Amino acid sequence: MKHTFVVKESRQLKPHERSMLHALYPTGQIPHLFCLPVDRYHYTGWFRNEPVAAVTVDCKDFESSHVIHLSDIIGKNRMMLCGLIDRVLFQIRLESCDRTTVSLHLPSDAPDDLFNSLKNIGFLPCLEATSYEFPFVPYEKTTFEQWQFCIEYPETHGDWLRNRNQYFWLLPGATPLTVRTLDFLHRRQTIFYSLKWKGTVVGTMYGEIKQRQLHLHELHIMGQHEFVQEGISFFQQSYFNKFKETELMLVTATTMQTHVLHALYEQGARPTPASSYTLLKYLTPSTTT
């Protein structure tokens with residue numbers, strides 16, 4: 001009897017098939033399959049009536065920026081996992097009229113054979129993002145009168161977004177941030193900041209405060225090394241003065257942000273084990289209309 005590899009979207013699964021997915025994921029790590037947003041899909045690969053691979057496809061940024069995000073990838077072997085991803089992306093390519101960017105994040109300690117298998121189906125390593133512990137040490141300088149540290153509010157989010165997306169390929173994720181994602185982050189009490197020098201925006205960042213710690217998910221300052229270090233030092237001092245009860249800052253930066261990384265190290269930052277790779281794949285429409 002010949003067995004075939006079958007792809008199913010989780011909304012199509014029968015109750016007993018959904019329960020079988022628990023054996024595919026580590027304990028407690030199965031996605032929430034019963035409350036998926038309308039623009040998120042969970043695909044599974046089946047062989048001999050058993051689930052052998054799975055991937056979540058997030059299309060919330062597809063209409064606005066032609067970006068798709070993959071997550072929760074898992075498989076009993078690399079061939080079946082990559083076969084599932086390839087089949088899903090092939091169908092998306094058939095249905096798309098525009099060039100589409102597919103983003104995938106992997107932990108830095110992912111096995112080499114997984115990286116190689118993903119490269120074989122067209123994914124390209126783009127950057128590595130690492131979280132750094134960053135102390136609030138006041139910088140010894142008499143004045144920062146040319147610098148400003150600004151918290152952005154909804155009425156200025158559009159300007160912040162345009163400034164941030166000027167260098168999106170350097171930042172974690174390596175894709176543009178959309179209005180929809182920004183609004184989602186704002187509803188989750190994410191705070192957006194800008195750094196200005198002589199009234200001109202030279203840096204952007206966003207983050208949230210958790211358990212007396214500031215978690216900056218992005219930080220970028222445009223300029224040469226000494227200028228970037230001064231900007232980061234100014235931010236250290238400003239935040240220290242405004243939020244004295246905050247004990248520590250966690251900053252995520254990427255291997256593409258050379259001057260930012262050097263400045264962070266020189267200002268006392270220490271890398272944590274939390275790091276991930278971003279891989280990208282570009283889908284070209286199969287037909288031109």
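Everything numeric here is computed off the predicted structure, so don't read it as measured data. Residue indices begin at 1 and follow the sequence shown.
The shortest non-hydrogen separation linking M205 to E218 is CB-O, 3.0 Å.
Counting heavy atoms from C-beta on, the side chains of T100 and I68 come closer than 4.5 Å. By the 4.5 Å heavy-atom criterion applied to side chains, R40 and T56 are counted as neighbours. In this structure the side chain of D58 never reaches within 4.5 angstrom of the side chain of L70, judged on heavy atoms. Residues Y206 and Y193 fail the side-chain proximity criterion, which asks for heavy atoms closer than 4.5 Å. The shortest distance between side-chain heavy atoms of L161 and F192 does not fall below 4.5 Å.
Side chain of N77 to main chain of M80: a donor-acceptor pair is present (N/O by atom type, distance under 3.5 Å, no hydrogens or angles). Judged by distance alone, with hydrogens and angles left aside, the side-chain atoms of E9 form a donor-acceptor pair with the main-chain N or O of R11 at under 3.5 Å. In this structure a side-chain-to-backbone donor-acceptor pair under 3.5 Å is present from N163 to D159. With hydrogens and angles ignored, the 3.5 Å screen pairs a side-chain donor or acceptor of Q257 with a backbone N or O of T254. Within the 3.5 Å criterion, the main-chain N or O of V6 finds no donor-acceptor partner in the side chain of T4. A donor-acceptor contact shorter than 3.5 Å links the side chain of K281 to the backbone of I121. Panel note: side chain S10, backbone H42; a donor-acceptor pair is recorded below 3.5 Å.
Summarising the hydrophobic clusters (Ile, Leu, Val, Met, Phe, Trp, Tyr; side-chain heavy atoms under 4.5 Å, direct or chained), the residues clustered with V67 are none.
By the ring pair (Phe, Tyr, Trp, His ring centres under 6.0 Å) test, H22 is found to be paired with no residue, residues two or more places apart in sequence or in another chain being considered. Y277 meets the ring pair (Phe, Tyr, Trp, His ring centres under 6.0 Å) test with F115; sequence neighbours excluded. Contacts of H262 classified as side-chain contact (heavy atoms from CB on, under 4.5 Å), with partners at least two apart in sequence or in another chain: H225, T258. Remark: E133 pairs with L248, L250, R270, T272 by the side-chain contact (heavy atoms from CB on, under 4.5 Å) rule, at least two apart or across chains. Evaluation of the side-chain contact (heavy atoms from CB on, under 4.5 Å) rule for F227 yields W147, W197, V202, I221 as partners, not counting sequence neighbours. By the ring pair (Phe, Tyr, Trp, His ring centres under 6.0 Å) test, Y41 pairs with no residue at all, sequence neighbours left out. In this structure Y167 satisfies the side-chain contact (heavy atoms from CB on, under 4.5 Å) test together with L170, L171, T204, H220, M222, sequence neighbours excluded. Judged as a ring pair (Phe, Tyr, Trp, His ring centres under 6.0 Å), and not counting sequence neighbours, W46 has no contacts.
Salt bridge annotation for R93-E95: absent, with no cationic side-chain nitrogen under 4.0 angstrom from a carboxylate oxygen.
Sorted by first and then second residue, the side-chain hydrogen bond (donor to acceptor under 3.5 Å, both in side chains) pairs involving residues 115-132 (not counting sequence neighbours) are S108-E128. The ring-ring contact (aromatic ring centres under 6.0 Å, His included) analysis of residues 68-111, with sequence neighbours excluded, yields no pairs.
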Just list the side-chain donor-acceptor pairs under 3.5 Å for residues 172-185, sequence neighbours left out, or say none.
unit_1 : atom_1 : unit_2 : atom_2 : d
T178   : OG1    : D61    : OD1    : 2.7
T178   : OG1    : T181   : N      : 3.2
T178   : OG1    : T181   : OG1    : 3.0
R180   : NH1    : D39    : OD2    : 2.9
R180   : NH2    : D39    : OD2    : 2.5
T181   : OG1    : D61    : OD1    : 3.2

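No side-chain donor-acceptor contact under 3.5 Å links H259 and Q229.
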